[in-house]
Amino acid sequence: MLSPVTEPEVQIPPTTKVRHQLPMFLRNKKAFAGAVIIGFFILVSIFGPWLAPYSPSAESTAPGSSVAAPSLAHLLGTDQLGRDVLSQVLVGTRTTMLIGIITGIVATVLAVLIGVGAGYLGDKWDELLSLLSNVFLVFPALPFLIVVLGAFPSTGDVSIVIMLSLLGWPWGARVIRAQTLSIRNKDFVAAAQETGESSWRIIIHDVVPNQISLIAATFVGAVLYAIGTSVGLNFLGIGGTSTWSLGTILYWAENGNALELGAWWWFAVPGVLIALIGMGLVLINFGLDELGNPRLRDGSRVGRIRGKLWTPSDPTLVEINGSAVRPRHLFPGRRLGGADIGGHKNQSLSVVSSLVAPQSAASGLTCSAGLDSPLLEIRDLSIVYRSGSRELRAVNNFNLSVRRGEIVGLAGESGSGKSTLAYGACRLLRPPAVITSGSVIYNGERYLGGERDLLRMDAHQLEQLRWREISIVFQSAMNALNPVLRIEDQLLDPITRHLPFSSDEAHDRVYEVLELVDIPRNRLKSYPHELSGGMRQRIMIAMALTVDPQLIIMDEPTTALDVVVQRDILVQIKELKDRLHFSVIFITHDLSLLVELADRLAIMYAGSLMEVGDTVDLAAHTAHPYTEGLLHSFPPLHGPRRSLLGIPGSPPDLRNPVLGCPFAPRCRYHDESCGHIDPHLLPLESGSGRAHQSACPFPERMRASMAMGSLAAAGDGGLQDA
Amino acid sequence: MRFLLRRLGFYLIALFVAVTVNFFIPRLMPGNVVENLMSKYPNLKPSAQHALDVLLGLGHQGSLLHQYVLYLGQLAHGNFGIDPLQFPTPVIDIIRSALPWTIILVGTATVISWLLGTGLGIVAAWRRGGRLDQLLPALSFLQATPYFFLALVLVWLLALHFHFFPAQQGFSNGLTIGFNWAFISSAVVHSILPALTIVLTSAAGWMLQMRNVMVATMGEDYVLAAQAKGLSKRRVIFTYGARNAILPSISGFALALGFVVSGTLLMEIVFNYPGIGTQLYNAVTSDDYPLTQAIFLIISVAVLLANIGADVIYVILDPRVRRSGVQ
Amino acid sequence: MPNAMNSMRGSDDLAVPALRAQNVSKRYRLGRRRDGVLDAVKDISVELYRGRVLAVVGESGSGKSTLAKLLAGRETPTAGTIELDGSAIRVRNQRNFRHYKRVVQMIFQDPFASLNPVHTIGYHLERPVKIHQGLAGEELKAQLELLMDQVRLTPANRYLSKYPHELSGGQRQRVSIARALAARPSVLLADEPVSMLDVSIRLEILALLDDLRTRLGLAVLYITHDIASARYLGDDIVVMYAGQVVERGTAEEVTQRPSHPYTQLLISSSPDPDTMNTTPLVQPEPGVERGVTNSIGDGCPFVVRCPFADDQCRSAYPPSAEVGAGHWVSCWHMGQACAQ
């Protein structure tokens, strides 16, 4: 499953069209090399026999013609009967390729029929066909063939093809069945059934076309298997030595003592050709793998960055001012040392006690540092997704500060770049994302005692800071929890990493955070899949609290949950924040939640900040049409039933540069001037006096419209018609 | 548990199929197999004929079903008959002497190649685009090389040309099999080339598979979460990455095992190694049906046992299968 | 059932429900054990009338999607009947099903999954038009344009040759709706049609559904977990909990005078931007126990979370009682709950 974290919300649309897959496939270097190799062998097997200078079985008794080294007359030398090895190879390649391809076709057809049949028909058919393929899978094929062909020696290559086809389908059938099962459960199959399509048509037109690359891989795998096995049988001389194949040449070489005679040309050439064919097929399958799995593909763009190899340990590429940022120590000589770790211990313990007495150490510390200096300050941050020469500008010159102990709500539609921003600021984005400008200043006083730029830290410093200072509640708890580790181990992990606790202390800490989120201790031994969705989300929150961080980034932590559970968790988050005094960046598309939860709101659209300010100001004195649109996207539960507009249209395509205000095309108040303005935040005079800023230079247009009471009644035209 | 029981069911059925195939093959062969044997190997005593009749079938035992029951009875007692070629050695004794060679050689080499391949796969996935990763095409060439061909090349190069290792047999002539230094050292020296063949070709396959799965696993959210926790590189790679990526490798064991067994059979023949593969080849080429039959059965059972082992390991490693019974 | 099929396009009598579920239940077997059953839907009756929207509200696992599948003929009820224009229907085979689809169409939750990535928008719309209307050539083309116009994807030619991934979520959901309309149904079952969409475009889709039921006189079933949107679009609301209906009535009655503790919990849990930080974020009263259990036997399944639960609640399911005009509630403690 692709998740929003690994697949950025600003997505380059996947090319799923079948007819686009071939060019894409050939652009893959490995696949291309494989295709060239196999193409060559196909040509050889078509024209080879005509090009053969001699008959492969033509013996020569002339003196010196037995086991002769390569010469002009015999480019690949001769065997002990004076037969021309080149001719044998040219003829033999055709036989070997034919066996491979025919078996491949038959086995693939069987695999598709059985795999799709089992997967689509389900129930009894599935049981039966799965049984069949599982039995065939463990059946030792080659020994079986040796026995059978040894017992019936006269049948030759045809029986090899038949037997191999019968034994070669289960691998393919297994994977095709699995994929069919997942496709069958997709809504588009149900939707096709709704239109009244027949099952056969659905299988042929809806299910199979979605499996083309898998079927191709099955075919390639079957060819590989058939060539490997048939060559082995030919080499043993089982199933006849009368026809020339690459394996048969090796049979004669082995029995003609080619090794002892040192006649390398006799055995090495056919052997290398077999390996080359195999290699071509393996490379093609590699390409197919990458085609079907974007994760394998994306990385191929990464490789070496300015001489340094990219590894997942420091995933995000930072290229500010066109050059890779060299991590440097802002405070040389002050690296993380024993003293700091010791300090950590004291604080953590004091926090443990603060759970009992809320007004203790942690809050005291915050006071000493001054309430107004921001804990985290994102300055001028820009992030792009690179795809070849194209760039998708996901975050543009973004500024946001988070103060101590406040909840900042980050809201916007999908594709607005809000998750990209949050993960980018923590340097957790993977390529093709690249940070192209800005700095992220973290100012946790217990961390090295001063301001540090996250984007310019080295990997080691970053590791020390992560979770200890900034933790994350991921959107999908199911994906963010390791499925094969017990909850307990996953909760203990950050504690043993960041706090100098004994095992008992660490466990106490785990019990403590579990209590905070109301989860009974006996759940610790569970695995993630054994818990309900709400419980998993609570575990994620508990995990974010384990080492008492200063800032928690919450990425849609409640979106997948029912309203009642959602309310429950939100209340819990707010309570915990009041007790433990951490700050929160809460990311969601649901502004109605934030209005109740957040102290401050930041509204994001098309990678840019549209409006930011205290929640009360923002709600009461909305200064950006986009914010207004979002706020009026929620039907009310009380008061008069009125018709609402939402925000018609869709966000701009970020692959093309947006001129002027990005929201203008969907704005009810826009005019020509909006296409020329440079949208940056402008301060506003409002309410509490704290910085309320909006990127719309014409907030008076909205106010006028509201004053006329035309908000609800306004049609699509809006003000510019008036 | 349900998962294991279900798999066990598959294996029992597979075993049944193997046994039945074994039963039918000699009976479907043209002519009277046992009489052919008797005439081909005149030193066979009539006393051996009964067992051969039961195993290979001659129609003297009444209905096919009756024959089948008798045949199963013979197998249950481990009675595979007397070998006509090495009369009067029982077939079971021949297998007993050949099997350890194969199991020790193939077992050790397979484990080594799996560990090596999986380890290299992890490194290649972590350091994508690095030196190891750039060797992929070369490794795919190795993976695609048939075992027996690599064996031929190694024999030619390292045994016949450079005389580093012996080219044939499992130990030097004149030594007695036993727990003595001369024999053991000789056996080890003789096993190096065959083992190298297995390791070189199959490690490449394991590595390519592990590399791809590992790359995909590194893209999972839980790996990202582990990194966000600031965990050490080691913990991220092994506990979060490899720990999950290894599962397909184990469940794919059944698929790979077929290739390994097939490959090693051929490899043994090249080295004239005293294992089960060479015996099978000799038996097939000299129409030694009882031995052929028995070896095929033994191979089937061995493959099934290896699969059961892989399943048990899988169940231990994947809690999802352990509790829910689905894969 | 030939008679029933003939009557499928039957009467336009507004008093007769276009589609009706009469005491339907659906029981699923879980695993192989004998006691492993799940009553996804338990003895539910709902009526869909032409030109009206019935909203079904419930949390995940409440059985609301199963109800939609029963009405859509995708599942057969273990008890009870589905009536189309007053006559009982049993969808048995493919031909039957195809006939039924001419009248009752369903649209799905996820517009990213409900369109096949390998086919164009045109293909998705052509198929039902060909199957149900048998049109071809120019007529077919005209019909496609009409459909695109109905869901306001114009000009049609700009979209017909595109692939699903080239459209936004809202546009895809419009295509899904157009595809359902291609069969010219009289009943539209919408299973969470907007929950996967951005909040900003949900209202547009709801407005489209609202518009279609007026213009085409469709009977619409709107399934949702969001009671605010149920009030917004629905004429009537049915609240489901653990497979049963706990409250039903007109949208205003149910949302303004919620009488079942669960409905009250739902409403107090729903974020309401109109309250704008004026009320502090507090835990709603009920909801003592977290997580839902279904194994309550004959009693009211809500007891585990209900503040008023007593022995009576645990032993018997409360009968449905009318508390206002057409406003029915199933609760033993309605008096107490209302007083809250």
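Model, not experiment: these values are computed from the prediction. Proteins come first, then strands; the chains are lettered A, B, ... in the order of their sequence lines, and each starts at number 1.
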Picking from B:V17, B:L139, B:D133, which has the most non-hydrogen pairs under 4.5 angstrom with chain A?
B:V17
For each of A:G278, A:S130, A:A275, tally heavy-atom pairs with chain B at distances under 4.5 Å, and name the one with the top tally.
A:A275
Residue among B:T292, B:N244, B:L136, B:T145 with most heavy-atom pairs under 4.5 Å to chain A
B:N244
Separation of B:I269 CD1 from A:L236 CG (nearest 0.5 Å):
4.5 Å
Side chain to side chain, B:F149 and A:V231, heavy atoms closer than 4.5 Å:
no
Atom group of A:F136 that falls short of 4.5 Å from chain B, counting heavy atoms
neither
Residue selection (most heavy-atom pairs with chain A, distance under 4.5 Å) from B:F296, B:W126, B:Y147:
B:W126
I'd like to verify something: which residue of B:I237, B:V284, B:I295 has the highest number of heavy-atom pairs under 4.5 Å with chain A?
B:V284
Non-hydrogen side-chain atoms of A:W467 and B:L231 separated by less than 4.5 Å:
no
Between A:V484 and B:L317, does a side-chain contact (heavy atoms from CB on, under 4.5 Å) hold up when you go through it step by step?
CA-CA 7 Å; A:V484 300; B:L317 287 180; over 6 Å; no
Nearest 0.5 angstrom please: B:N212 CG to A:D289 CG, how far?
5.0 Å
Heavy-atom cut-off 4.5 Å, strictly under: side chain, backbone, both or neither for B:V155 against chain A?
side chain
Is A:V147 close to B:L280 at the side-chain level, that is, under 4.5 Å between some pair of heavy atoms?
yes
With a 4.5 angstrom heavy-atom cut-off, which part of A:L481 approaches chain B: side chain, backbone, both or neither?
backbone
Chain B contact via A:V282 - side chain, backbone, both or neither, heavy atoms under 4.5 Å:
side chain
Just wondering, do B:L266 and A:L142 contact through their side chains at under 4.5 Å, heavy atoms?
yes
Examine whether an atom of A:L276 lies under 4.5 Å from a heavy atom of chain B, and if so say whether it belongs to the side chain, the backbone or both; otherwise answer neither.
both
So, do B:K229 and A:E463 sit near enough that their side-chain heavy atoms are less than 4.5 Å apart?
no
For a side-chain contact (heavy atoms from CB on, under 4.5 Å) check, start with the C-alpha distance between A:Q475 and B:D221, then their side-chain angles and the critical distance, and finish with the verdict.
CA-CA 10 Å; A:Q475 174 170 14; B:D221 276 2; over 6 Å; no
Select one option (side chain, backbone, both, neither) describing which atoms of B:L150 are under 4.5 Å from chain A's heavy atoms.
neither
Under 4.5 Å, counting heavy-atom pairs only, tell me which of A:P494, A:P483, A:A258, A:P170 racks up the most with chain B.
A:P483
So what's closer than 4.5 Å to chain B heavy atoms on A:M478: side chain, backbone, both or neither?
neither
I need the residue from B:A225, B:A14, B:A228 with the largest number of non-hydrogen atom pairs under 4.5 Å to chain A.
B:A228
Go through B:G205, B:G230, B:S140 and name the one with the most non-hydrogen pairs under 4.5 angstrom from chain A.
B:G230
Below 4.5 Å, heavy-atom pairs only: which of A:G232, A:G228, A:A33 has the largest tally toward chain B?
A:G232
Considering only heavy atoms, which portion of A:L250 lies under 4.5 Å from any heavy atom of chain B: side chain, backbone, both, or neither?
side chain
Note, A:R430 side chain near B:L224 side chain (heavy atom, < 4.5 Å)
yes
Apply the test side chain to side chain donor-acceptor pair (under 3.5 Å) to residues B:Y240 and A:D493: give CA-CA distance (whole Å), side-chain angles for both, the deciding distance (0.1 Å), then the verdict.
CA-CA 11 Å; B:Y240 286 79; A:D493 251 345; 2.5 Å; yes
Of the backbone (N, CA, C, O) and the side chain (C-beta and beyond), which part of B:Q143 lies under 4.5 Å from a heavy atom of chain A, both, or neither?
side chain
Measure the spacing between CZ of B:F148 and CD of A:E254 and express it to the nearest 0.5 Å.
10.0 Å
Given the options A:L224, A:V272, A:I472, which has more heavy-atom pairs under 4.5 Å with chain B than any of the others?
A:V272
Do A:W264 and B:H161 have side chains that get closer than 4.5 Å, going by heavy atoms?
no
Is B:P146 close to chain A through its backbone or its side chain, or both, or neither, when contacts mean heavy atoms under 4.5 Å?
side chain
Check each atom of A:F235 against the heavy atoms of chain B and say whether the ones under 4.5 Å are side chain, backbone, both or neither.
side chain
To the nearest 0.5 angstrom, please state how far the CD1 atom of A:I37 sits from the CZ atom of B:F141.
9.5 Å
When the 4.5 angstrom heavy-atom criterion is applied to B:Y281 and chain A, the contacting part is side chain
For A:R466, which atoms come within 4.5 Å of any heavy atom of chain B: side chain, backbone, both, or neither?
both
Tell me, side chain or backbone of B:L247 under 4.5 Å from chain A's heavy atoms, or both, or neither?
side chain
Could you check if a side-chain atom of A:N479 sits within less than 4.5 angstrom of a side-chain atom of B:Y222, using non-hydrogen atoms only?
no
What part of A:I146 gets within 4.5 angstrom of chain B, counting heavy atoms only: side chain, backbone, both, or neither?
both
May I ask you to name which of A:S471, A:G34, A:A268, A:G237 has the most heavy-atom pairs under 4.5 Å with chain B?
A:A268
